[in-house]
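Keep in mind that what you see is a predicted model, and the values were worked out from it rather than measured.
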Amino acid sequence: SHGYARWTDIQNDGAFGVINEPFKGEASKGNFLEMKNKFLARRFKLLEQALVIEEQLRRAAYLNMTQDPSHPAMALNTRFAEVECLAESHQHLSKESLAGNKPANAVLHKVLNQLEELLSDMKADVTRLPATLSRIPPIAARLQMSERSILSRLASKG
């Protein structure tokens, strides 16, 4: 009823009061709103990803497709998920590090090293992909739609 990513409207709607419950004890903190919005945005992103995966699985089942776990694309996919997870869960570190937080700085260095390793593994995975696969244009280009419009199409029934 509120539209895509309209956090404040959703938060202020009594019908969705339950989303404010986990934050009741945090209201006194200065960055309370930012914290709450980040939390909701992260949850929303997860829900969005789940919808996309659900749709992909539904289509795969409909087309009676199976995935070969030993295919190099699967390794690439797994590593991509790891990169995304690492990046999203440590987003706040750069701000903390810039503010002179030494422990955050140390963690940020470790995370950057992990990301670097994952990326070099992904480069190696790409070289193992069949040449035909690497030449296929991305889905958004093939459908001539933006990622957001693909997502809203997937989310809507029918």
Side-chain angles (χ1 to χ4, degrees), residues 2-8 10-11 19 22-23 26 31 33-158:
H2 290 294
Y4 198 84
R6 299 288 302 268
W7 305 127
T8 28
I10 296 167
Q11 285 167 16
I19 63 170
F23 308 101
E26 310 289 323
N31 63 343
L33 262 178
E34 187 193 352
M35 208 169 64
K36 192 161 87 165
N37 285 337
K38 275 185 178 169
F39 175 84
L40 287 172
R42 222 172 23 246
R43 287 291 174 274
F44 183 74
K45 195 134 189 70
L46 284 171
L47 181 64
E48 202 173 55
Q49 287 169 340
L51 276 172
V52 171
I53 291 166
E54 197 179 305
E55 178 63 15
Q56 288 172 335
L57 289 172
R58 189 190 65 75
R59 288 185 181 175
Y62 175 72
L63 297 170
N64 210 359
M65 287 164 66
T66 55
Q67 283 180 332
D68 171 10
S70 64
H71 192 285
M74 294 304 287
L76 197 57
N77 198 32
T78 305
R79 291 211 174 91
F80 179 73
E82 282 178 55
V83 165
E84 213 171 24
C85 187
L86 256 178
E88 295 228 330
S89 56
H90 294 87
Q91 249 173 337
H92 61 287
L93 283 177
S94 55
K95 245 190 240 170
E96 298 276 330
S97 180
L98 281 171
N101 180 333
K102 288 240 162 67
N105 203 13
V107 177
L108 184 63
H109 276 278
K110 278 188 179 153
V111 170
L112 289 172
N113 285 334
Q114 283 177 284
L115 286 171
E116 212 172 350
E117 281 174 32
L118 278 166
L119 286 172
S120 77
D121 289 344
M122 287 171 83
K123 280 180 187 169
D125 289 336
V126 168
T127 62
R128 286 193 290 275
L129 288 175
T132 52
L133 197 62
S134 58
R135 283 197 296 270
I136 298 174
I139 188 84
R142 294 201 310 263
L143 293 177
Q144 292 179 319
M145 289 168 77
S146 71
E147 236 174 76
R148 179 157 277 185
S149 51
I150 292 172
L151 280 169
S152 60
R153 270 299 263 297
L154 290 176
S156 65
K157 293 279 176 241

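- Atom CZ of R79 and atom OG of S120 lie 8.5 Å apart (nearest 0.5 Å).
- Rounded to the nearest 0.5 angstrom, L93 CG and Q91 CD are separated by 10.0 Å.
- Distance check, rounded to the nearest 0.5 Å: CG of L51 to OG of S152 gives 11.5 Å.
- Residue E54 places its CD atom among 12 or fewer non-hydrogen atoms of other residues, nucleotides or ligands, all under 6.0 Å distant.
- Every residue meeting the side-chain contact (heavy atoms from CB on, under 4.5 Å) condition with A141, not counting sequence neighbours, appears here in chain and number order: P137, P138.
- When all heavy atoms of S89 and H92 are compared, the pair lying nearest together is O-CE1, 3.4 Å.
- With values rounded to the nearest 0.5 angstrom, T127 atom OG1 is found 7.5 Å from D125 atom CG.
- Atoms NE2 and CG, from H90 and L112 in turn, are 10.5 Å apart once rounded to the nearest 0.5 Å.
- At most 12 non-hydrogen atoms from other residues, nucleotides or ligands lie less than 6.0 angstrom from CD of E147.
- For the side chain to side chain donor-acceptor pair (under 3.5 Å) condition, the pairs that include at least one residue of residues 105-116, sequence neighbours left out, are S97-N105.
- Checking each of E48, R43, R42 against K45 for a side chain to side chain contact (heavy atoms under 4.5 Å, CB included) leaves exactly one that passes, namely E48.
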- Task: Would you check, one step at a time, whether the test side chain to side chain contact (heavy atoms under 4.5 Å, CB included) holds for L46 with Q49?
- Result: CA-CA 5 Å; L46 284 171; Q49 287 169 340; 3.9 Å; yes
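- L118 approaches E82 most closely through the heavy-atom pair CD2-OE1, 3.5 Å.
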- Query: What do the steps show when you test M122 against L119 for side chain to side chain contact (heavy atoms under 4.5 Å, CB included), and what is the final call?
  - Reply: CA-CA 5 Å; M122 287 171 83; L119 286 172; 4.2 Å; yes
